[in-house]
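Worksheet for the structure shown next.
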Amino acid sequence: MEYNFREIEKKWQALWKETGLYKTEIDNAKPKFYVLDMFPYPSGAGLHVGHPLGYIASDIYARYKRQKGFNVLHPMGYDAFGLPAEQYAIQTGQHPAITTEKNVNRYREQLDKIGFSFDWDRSFKTCDPDYYKWTQWTFIQLFNSYYCNQAKQARPVSELMEAFAAHGTEGLDVAQTKPMEFTAEEWNNASEKKRQEILMNYRLAYLADTWVNWCPKLGTVLANDEVVNGLSVRGGFPVERKLMRQWVLRVSAYAERLLNGLDTVDWTDSLKEIQRNWIGRSEGAAVWFPLAKEGQLDWKKIYMGSHIEGVECERAFEIFTTRPDTIFGVTFMVLCPEHEMIPSITTPEQKEAVEAYVSWAKNRSERERQAEVKKVSGVFTGAFAINPITEERIPIWVSDYVLSDYGTGAIMAVPAHDSRDFAFARHFDLPIRQVVAPSVDEVSNPDTWEESLDSKTGVCVNSGFIDGMAVKDAGKAVIERIKEMGVGYGTVNFRLRDAIFSRQRYWGEPFPIYYEDGMPYPVPENELPVLLPEVDQFLPTETGEPPLARAKDWTYHGCQREYSTMPGFAGSSAYYLRYMDPKNDKALVSKEADEYWQNVDLYVGGAEHGTGHLIYARFWNKFLFDIGVSCKDEPFRKLINQGMIQGRSNFVYRAVSTNKFVSLNLRKEYETTPIHVDVNIVHNDILDIEAFKNWMPDFKDAEFILEDGQYICGWEVEKMSKSKYNVQNPDDLVEKYGADTLRMYEMFLGPVEMAKPWDTNGIEGVSRFIRKFWKLYFDGEGNFAVSGEEPTKAEWKTLHKTIKKIEEDNERFSFNTAISAFMICTNELTDAKCRKRAVLEPLCVLMSAYAPHITEELWSLLGHEESVLKAAYPVYDEQYMVEDEYLYPVSFNGKMRLKMSFPASYTPKEIEPLVLANPDAQKWLDGKTPKKVIIVPKKIVNIVF
RNA sequence: GCGGAUGUGGCGUAAUGGUAGCCGCGCCAGACUUAGGAUCUGGUGGCGAAAGCCGUGGGGGUUCGAGUCCCCCCAUCCGCACCA
């Protein structure tokens, strides 16, 4: 029987579907294992060979774990809300739901051809109302929660209201937008509207006027991770800063837990590091610099008094610094252009200049600002602040090198020890004072410096009470002092920002929110989901409202609803929980399902989600953990980042202004221009000339200058894209070689984690191997002929070392080396003409995780009725791995000289005299006594003399 | 600038501190063929006729022994980037 992969694959795929082989249920008799892939966004282009790479790896692991006795949850779904479908809808008028449905079906078709073991009964799209109901539900829970810094967890807002009623903000330690102070009386007397405004300061999902990334071209606000170099990730359009009222998630409240949680998960160090950098924890101090008033000599007393009584607090600037040890080197202060105190402190003389600068800075696009980072700009306000430690008057400047959304938007400038302050001081001719030096005698005149001294080592100089102290101690001493004085405290700052959660777009989850008296209220939970309404056009209204404002009669009991929709990450943040219990209409996930499946044991996906999805999902899950929905604090226990598959483009070289094409190695002799050529008409870099002539009308009459009768193409690694003609479609490869070959070839390409160019050149080798493997089970006439004969010792050995190797490789996700082991095994068994059941049956089980179709066919030919998936992973036997004899390379002072064999049972003690007695060894020793003899069992003998 | 990773034949890659280059592609030779982009067999790091010598980006070090561990440098890729 010939290996007919087309028939075999079609037959088994149909049978798997029919019998529901991959259906998974809770089974308390078995340990669980949850294998998850990052679900795809179904784009119109379909899958290319890069997509299935991770899916194949996780599928192999999922199948392997099943055979190891685990109850494996291995689901798949679609991240279906998003910009591309909506952009397409704007252009064509076709409803995004229709486009999405079409793309999803195409994805499913492509995925089915590769033979994955997904439990499709658990599948969903994030745009399904049954699913987004729970996205909306979670949003309401966020809205109704605040973050308690003491308990380090989310708590119901109702508790906060009780606390306010009892004692106002007294003793409050919670995550908040701005510090607020009020008494119980003030709270109790406040109107409903006023109370709602106050609560907005604490909710985990809150509405706030925020400086946002506004993309005019897309007509929406974007999160920081959706903007790269001032351009939108989707579409590459410019982004501006804009002050807008937006929904925001208080992700920053979880910064510490998001950081600490990284120590408990099994992710790669590089990805953990990416997240640590993104969260960006900095230790330092907050210090209040009071505004100096004309004629106010006893400023300190006034300021101190003011602060303690909570009156006129705004007359001091709070700054954040990581270098409190340099406080004696402060020579000016800088505010960000957005700072709210600028108008009130600017002197009349400076008013015009400041206003001009502020308006210029605010209107600059993000891209411009980033492009001109090196350029110094700024303006003096005319006002002065007082350094609380030195009591010096320092000028207050405004500059856009101070960011509004980090720290407090105000800094103390220490030009001698910060490169940015240094550049600013030089540009505006402000004083520079050295307060740190490598040692006490290495103080110099900063006027002669070319750059600032940013090092955090050395001693303090010119620094009052910390003079002579080591920098690392001085910081602590300053913090102590400011605490005593009541002008500051030691604190920690995070780079992680709250996430803007509104999108002024159509194709996303509607907010379950309506407005009454200008304040937002959640829709009752029993009225969820709030369905996405129909609109006549997917565009903003004439008045600039988001598309949902076009929906007819879309109100909540006459109240206006929220018109923006949620961002892409909303739907992808808890999808892993929903797979555990996808049909539940009472809860996001039942207690039973959550407690059985816990969290994801293995998550496979690209590292490009490191600062987006993987942060949001962790945040979202920690919140669900706090409110008792999820039983695990971290959603993804182990994470594997599959490397990106790059394209490998082929080129032909056209001699300039001719229709002649010159083969790769002859092109030096001509002046040529390289032209991309479709990789599908090139085999092993040799051009199919006929196919090329037919490829495009232009090349119909092309002439070729060949080498050795062939046209050899050049190649380059580039991004995989249609315009470069280097896209490989998995369907074509399945059609040509079969799914099993594609699966194994993708794994054989190299380590899963490594980025690599797609190159079809090697697929023939894997295809040959699969056919050779098939032939193991058939005789010369092509009849299935597996015998019951007892294998020889060598055959047993081949089998058991393969079982062991595959198990080790599976466990460490080294699928490329595992395939090498399969090839070696197959070659050995072919050479031995071994066609014995005792060997071939277990081998079939090992291979089934990699090549499920061919093994399923062989397994049934072997007489089994159940799927090979249900077979147990074979146990290897150490006794077959012990050699009779070992070859010992003998080295003298590390140089190899001779090789000797010894029975495997010999101990190093027994080997030593035999080696030394060897005549050749004697020759090398030349009468000398060796200093030592090192014998590594089974490996080496090293004689040192 | 900060952080992370990687560097081995013509190519993809492999080597618990122990004979560097397994497995595959490509290439060379041969067999069977009317034919081969089929199949099978053998060879294939470099220099050398050979013995042998040299070889894992470069330079040091630890070790009896280093692709592997440590230090410095170079190159490439990725992430962050005015984060005080």
Side-chain angles (χ1 to χ4, degrees), chain A residues 224 228-229 268-278 280-282 284 319-323 326 334 336 369-370 372-376 399-403 405-414 417-421 423-424 454 493-497 607-608 610-611 643-644 646 648 683-686 688 715 717 745 748-751 753-757 759-766 768-769 771-772 775 808 814 816-824 827 830 887-897 899 930-945:
Chain A
N224 285 340
V228 173
N229 294 329
T268 59
D269 288 341
S270 74
L271 191 67
K272 285 188 189 183
E273 215 42 53
I274 286 172
Q275 291 217 338
R276 286 194 189 105
N277 287 342
W278 189 259
R281 184 180 195 275
S282 314
I319 62 96
F320 174 73
T321 178
T322 53
R323 297 291 305 273
T326 61
V334 188
C336 65
R369 200 184 65 80
Q370 289 191 11
E372 294 173 6
V373 158
K374 291 269 164 341
K375 227 166 119 183
V376 178
S399 174
D400 67 354
Y401 83 88
V402 176
L403 305 178
D405 49 2
Y406 181 77
T408 56
I411 61 153
M412 62 175 216
V414 185
H417 306 291
D418 180 285
S419 53
R420 295 150 304 179
D421 299 343
F424 195 82
D454 292 5
N493 232 304
F494 292 94
R495 208 193 72 114
L496 185 71
R497 316 289 213 266
E608 67 272 18
T611 54
M644 196 124 56
Q646 298 138 296
R648 185 182 189 275
H683 305 281
N684 292 329
D685 293 337
I686 296 163
D688 181 334
W715 61 273
V717 172
Y745 183 60
F748 189 60
L749 228 42
E753 303 90 328
M754 204 178 272
K756 50 203 167 261
D759 180 355
T760 315
N761 287 346
I763 198 167
E764 304 279 351
V766 174
R768 269 197 280 272
F769 153 70
R771 292 196 300 261
K772 204 166 170 179
K775 281 188 191 158
E808 283 167 3
S814 181
N816 57 329
T817 54
I819 291 169
S820 294
F822 280 125
M823 288 174 172
I824 293 167
N827 287 343
T830 303
L887 183 69
Y888 282 74
V890 182
S891 78
F892 297 81
N893 277 347
K895 293 239 172 195
M896 290 306 156
R897 296 299 180 187
K899 285 163 191 171
K931 227 198 266 175
K932 54 179 158 171
V933 179
I934 295 150
I935 299 170
V936 181
K938 305 180 199 180
K939 279 186 180 144
I940 199 163
V941 179
N942 195 351
I943 302 171
V944 185
F945 58 95

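Per chain, numbering begins at 1; letters A, B, ... match sequence-line order.
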Quiz prompt | N or O in side chain of R771(A) less than 4.0 angstrom from U39(B) OP1/OP2 | solution = yes
Quiz prompt | Short side-chain N/O contact from Y406(A) to OP1 or OP2 of A84(B), under 4.0 Å | solution = yes
Quiz item: Phosphate oxygens OP1/OP2 of G12(B): is one of them under 4.0 Å from a side-chain N or O of R648(A)?
Solution: no
Exercise. Return no unless some side-chain N or O of R768(A) is found under 4.0 Å from OP1 or OP2 of U39(B).
Key: yes
Quiz item: Any side-chain N or O of T817(A) under 4.0 Å from OP1/OP2 of C22(B)?
Solution: no
Quiz item: When you match S270(A) and S814(A) each to their closest nucleotide on RNA chain B, which lands nearer the 5' end?
Solution: S270(A)
Quiz prompt | Spacing of the P atoms in U56(B) and G3(B) (rounded, Å) | solution = 29 Å
Practice problem: Specify the residue among D759(A) and K375(A) whose closest nucleotide of RNA chain B lies further upstream toward the 5′ end. | Solution: D759(A)
Quiz item: Since syn is defined as within 90° of 0, does G45(B) count as syn or as anti?
Solution: anti
Quiz item: According to the interplanar angle, ranging from 0 to 90°, do the rings of Y401(A) and F424(A) count as parallel (below 30°), tilted (30 to 60°) or perpendicular (above 60°)?
Solution: tilted
Quiz item: Below 3.5 Å, does any donor atom in the side chain of K899(A) face an acceptor in the base of U19(B), or the other way round?
Solution: yes
Self-check item: N761(A) side-chain N/O to G24(B) phosphate OP1/OP2 under 4.0 Å
Solution: no
Practice problem: Might you confirm whether atom CG of D269(A) has over 12 heavy atoms from other residues, nucleotides or ligands at distances under 6.0 Å? | Solution: no
